[in-house]
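These notes concern the structure reproduced below.
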Amino acid sequence: MHIKHLSGAIVLAASIVTPVFAADPPKATLSGKDIAFQLPKGNCLACHSIAGGEQPGTLGPELKDMKARFPDKKELAAHIADQTAFNPYTAMPPFLKHGALTQEELDKVVDFIHGL
């Protein structure tokens with residue numbers, strides 16, 4: 001088999017095993033919940049239990065009663081943006097600092113989480 005054929009076979013094999021997902025909605029229409037639950041973005045469910053979320057993680061605390069826990073929404077935003085500023089040993093990624101979320105996406109996630 002030539003290299004040319006091998007690379008074509010790899011592409012063909014990758015296209016066979018690559019799952020097909022529904023197209024993501026345009027960014028402008030994504031809600032805070034959409035972003036928080038979306039794997040390549042917030043992915044909050046990887047570590048937190050959130051009402052309405054499926055297969056939640058248990059590494060982080062359950063996200064509920066957030067207004068009581070964070071009366072100042074700016075403090076919650078700071079924790080989500082970069083938890084390492086509060087705890088350098090945290091497992092929580094610094095979503096804004098590493099560019100996983102834009103400022104607009106962070107604002108939407110904070111609004112959603114603060115409303116839980």
Side-chain angles (χ1 to χ4, degrees):
M1 187 184 274
H2 296 304
I3 299 292
K4 185 176 182 181
H5 290 104
L6 178 61
S7 64
I10 292 170
V11 170
L12 177 60
S15 67
I16 292 171
V17 297
T18 302
V20 177
F21 297 102
D24 289 333
K27 283 186 179 184
T29 63
L30 289 176
S31 69
K33 181 178 179 180
D34 293 334
I35 297 165
F37 284 17
Q38 196 179 63
L39 183 62
K41 283 294 182 181
N43 197 21
C44 301
L45 290 171
C47 298
H48 300 279
S49 176
I50 301 173
E54 296 181 13
Q55 299 180 333
T58 57
L59 181 63
E62 181 177 3
L63 300 182
K64 66 177 187 175
D65 304 321
M66 297 306 288
K67 286 181 186 172
R69 290 168 56 189
F70 290 94
D72 182 359
K73 195 188 293 189
K74 289 179 184 178
E75 184 182 351
L76 175 62
H79 279 268
I80 295 172
D82 185 5
Q83 180 63 24
T84 63
F86 301 92
N87 175 2
Y89 304 107
T90 185
M92 186 167 167
F95 288 101
L96 191 62
K97 183 167 78 173
H98 285 175
L101 296 176
T102 65
Q103 184 64 54
E104 180 183 356
E105 291 167 333
L106 175 69
D107 293 343
K108 289 180 178 184
V109 169
V110 170
D111 287 342
F112 168 67
I113 298 295
H114 197 252
L116 296 174

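- Between Ile35 and Lys108, the closest heavy-atom pair is CD1-CD, 4.0 Å.
- Remark: Glu75 CD to Arg69 CZ distance equals 11.0 Å, nearest 0.5 Å.
- Contact annotation: the side chain of Lys41 never approaches that of Val109 to less than 4.5 Å [non-hydrogen atoms, C-beta and beyond].
- Legend: residues meeting ring pair (Phe, Tyr, Trp, His ring centres under 6.0 Å) with His79, ordered by chain and number and at least two apart, are Phe70, Phe86.
- Of all heavy-atom pairs spanning Pro56 and Ser49, the tightest one is CB-CA, 3.4 Å.
- When side chains are defined from C-beta on, Pro94 does not count as touching Gln83, because their heavy atoms never get closer than 4.5 Å.
- Here the side chains of Asp111 and Lys73 are in contact, with some heavy-atom distance below 4.5 Å.
- Residues Leu59 and Met92 form no side-chain contact, since every pair of their non-hydrogen atoms from C-beta on lies 4.5 Å or further apart.
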- Task: Please test Val110 against Lys74 for side chain to side chain contact (heavy atoms under 4.5 Å, CB included), starting from the C-alpha separation and ending with a verdict.
- Result: CA-CA 9 Å; Val110 170; Lys74 289 179 184 178; over 6 Å; no
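- A search for ring pair (Phe, Tyr, Trp, His ring centres under 6.0 Å) contacts involving Phe95 returns nothing, not counting sequence neighbours.
- Counting only residues at least two apart or in different chains, salt bridge (charged side-chain N to carboxylate O under 4.0 Å, His left out) contacts with residues 54-68 comprise Glu62-Lys64.
- Scored by the side chain to side chain contact (heavy atoms under 4.5 Å, CB included) test, Leu116 finds Ile50, Leu63, Met66, Phe112, Ile113 as partners (sequence neighbours excluded).
- Partners of Leu39 by side chain to side chain contact (heavy atoms under 4.5 Å, CB included), not counting sequence neighbours, listed by chain and number: Asn43.
- Under the side chain to side chain contact (heavy atoms under 4.5 Å, CB included) criterion, Leu96 pairs with Ala81, Gln103, Leu106, sequence neighbours left out.
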